[in-house]
Structures are given as structure tokens and as C-alpha cells.
Amino acid sequence: MDILIRYGFSIEEIKNMMDTNDELESIPDKDILELINVLINIGCHEEHIMNIFICNPLCLSKDVKEIKRIIKKLKEFKIKHLYMVIDSNPYILNMSIEELDNLYKAKNDEGLSPEEITDYFYHNIII
């Protein structure tokens, strides 16, 4: 958890995150750093990462391999500016691959274009 302080989170922010995710204390710094690096690799800047963690601290305890699979799946959907989608809707990282795939297929079956589905991901909180 020291990594969060070094990254710039205030004690108050960390306490609020711990109120939502009681596993936060036991998450190794190396896992948090790996998640930060994954987010940086898709174009997230420090302010995006801080927003993602503050809004969705549950993603910190999710297996980073699963988050990588979610990102890979979103890339398969040809979502542009993926970092912006995750910043505006960080709860998408809580989904399973099956849920994400089913949601995309359902929106496609409704007749939404890929661009409209991307807009859906931007503007609809998915929990």
C-alpha cells in the first residue's frame, strides 16, 4: 500500500478506498505497480489512474491477468481511446470477459454500431 502514497494518493483518499475495498491492506505493492503499468501501457496518465483507483478501488484486488484480458477484449471491440473509456467508466474493470462479451453482443444485436457501443461504454456505469 506504500506504493499508493508514493504515487500521490492522500491518506484520506486511501482510507476512503479502504472503506470500499477491505482487501486493500493486503495487496502487495508489486501487484499495484503492475496494474499501474498496465494502465500506463494503454495511455493512462497519473490523473486517470488516480481517478480509476479512487472511483473503483475494487479493481486493485482483481487479478492483473484478468484485467489484461479485459483490456485485450476491449481492444478486440476496436474501442478507440481505451484509456478514456476506462477513466470515464472504471467499473468496466470489474466485469468478467463473459459479461463484457455478452454486453457487446447484446448491444450489437440491438443494432448499435461499434461507435455507438463505444459511446455506451463511455456513458453508462457498468457494475
Side-chain angles (χ1 to χ4, degrees):
M1 191 164 57
D2 289 340
I3 187 76
L4 294 175
I5 294 169
R6 288 192 308 266
Y7 201 72
F9 288 92
S10 70
I11 299 298
E12 180 80 18
E13 289 169 328
I14 294 170
K15 284 180 183 178
N16 290 337
M17 291 164 53
M18 289 173 70
D19 287 343
T20 302
N21 185 350
D22 56 2
E23 295 177 24
L24 191 56
E25 266 187 276
S26 63
I27 300 169
D29 279 353
K30 69 174 186 59
D31 291 354
I32 295 172
L33 185 58
E34 183 179 2
L35 178 55
I36 289 170
N37 287 328
V38 167
L39 294 172
I40 288 170
N41 286 335
I42 62 164
C44 289
H45 296 280
E46 183 177 313
E47 64 272 7
H48 301 130
I49 294 168
M50 291 182 79
N51 182 56
I52 291 165
F53 290 176
I54 288 169
C55 292
N56 183 18
L58 295 173
C59 74
L60 289 161
S61 56
K62 190 158 184 165
D63 184 356
V64 177
K65 290 177 186 169
E66 184 63 21
I67 289 178
K68 287 178 179 179
R69 286 193 282 273
I70 290 167
I71 290 170
K72 181 180 178 190
K73 179 57 78 174
L74 290 168
K75 286 179 179 178
E76 288 174 15
F77 297 155
K78 309 244 188 289
I79 293 181
K80 295 177 183 168
H81 308 295
L82 186 54
Y83 71 95
M84 291 175 62
V85 171
I86 294 173
D87 181 40
S88 68
N89 189 358
Y91 304 103
I92 204 165
L93 297 176
N94 295 352
M95 297 181 76
S96 70
I97 294 297
E98 295 77 23
E99 291 170 324
L100 193 57
D101 211 26
N102 289 339
L103 179 60
Y104 188 88
K105 287 177 185 174
K107 295 301 169 189
N108 190 46
D109 291 347
E110 289 175 17
L112 271 64
S113 69
E115 293 80 18
E116 292 170 319
I117 296 171
T118 297
D119 285 344
Y120 178 85
F121 285 139
Y122 268 113
H123 302 292
N124 293 281
I125 303 293
I126 304 167
I127 297 178

Walk me through whether Y91 and C55 qualify under side-chain contact (heavy atoms from CB on, under 4.5 Å). CA-CA 8 Å; Y91 304 103; C55 292; 4.2 Å; yes
Beyond-backbone contact of F53 with L24, side-chain heavy atoms, under 4.5 angstrom: no
In this structure, CD1 of I86 is separated from OH of Y122 (nearest 0.5 Å) by 10.5 Å
Between C59 and I67, the two heavy atoms sitting closest are O-CD1, 3.5 Å
When every non-hydrogen atom of M95 is compared with those of K62, the smallest separation belongs to O-NZ, 2.9 Å
Of all heavy-atom pairs linking E13 and S10, the shortest is OE1-N, 2.8 Å
In the structure I gave you, are the side-chain heavy atoms of L82 and K75 within less than 4.5 Å of one another anywhere?
yes
S61 meets the side chain to side chain donor-acceptor pair (under 3.5 Å) criterion, sequence neighbours left out, with N21
### Task
State, with a plain yes or no, whether a side-chain heavy atom of I97 is found less than 4.5 Å away from one of E66.
yes
Q.
Under the criterion side-chain contact (heavy atoms from CB on, under 4.5 Å), I'd like the reasoning laid out for I5 against I11: C-alpha separation, chi angles, the key distance, then a yes or no.
A. CA-CA 7 Å; I5 294 169; I11 299 298; 4.0 Å; yes
Value for CG (L74) from NZ (K72), rounded to nearest 0.5 Å, stands at 12.5 Å
Side-chain heavy-atom pair I117, F77 within 4.5 angstrom cut-off: no
Legend entry - K73 bridged to E99 by N-O distance under 4.0 Å: no
The reported gap from CD1 in I14 to CD in E12 (rounded to nearest 0.5 angstrom) is 10.5 Å
The reported gap from OH in Y120 to CG in L103 (rounded to nearest 0.5 angstrom) is 5.0 Å
Side chain to side chain contact (heavy atoms under 4.5 Å, CB included) filter on D19, not counting sequence neighbours, yields N16
Here the side-chain hydrogen bond (donor to acceptor under 3.5 Å, both in side chains) pairs for residues 35-60, sequence neighbours left out, are N51-D87, N56-N94
request  = I would like to know whether M17 and F9 meet side-chain contact (heavy atoms from CB on, under 4.5 Å); could you show each step before the answer?
outcome  = CA-CA 10 Å; M17 291 164 53; F9 288 92; 4.0 Å; yes
Is it true that atom CD of E25 has more than 12 heavy atoms of other residues, nucleotides or ligands lying nearer than 6.0 Å? no
Between the CD1 atom in I27 and the CD1 atom in I3, the distance rounded to the nearest 0.5 Å is 12.5 Å
Would D101 and K105 count as a salt bridge (charged side-chain N to carboxylate O under 4.0 Å, His left out) here? Give the steps. CA-CA 6 Å; D101 211 26; K105 287 177 185 174; 3.5 Å; yes
Between the OG atom in S113 and the NZ atom in K107, the distance rounded to the nearest 0.5 Å is 12.5 Å
### Task
Examine L58 and I32 and state if one hydrophobic cluster contains both, with Ile, Leu, Val, Met, Phe, Trp and Tyr joined whenever side-chain heavy atoms are less than 4.5 Å apart.
no
- Task: Decide yes or no for I52 and C44: does some side-chain heavy atom of the first lie under 4.5 Å from some side-chain heavy atom of the second?
- Result: yes
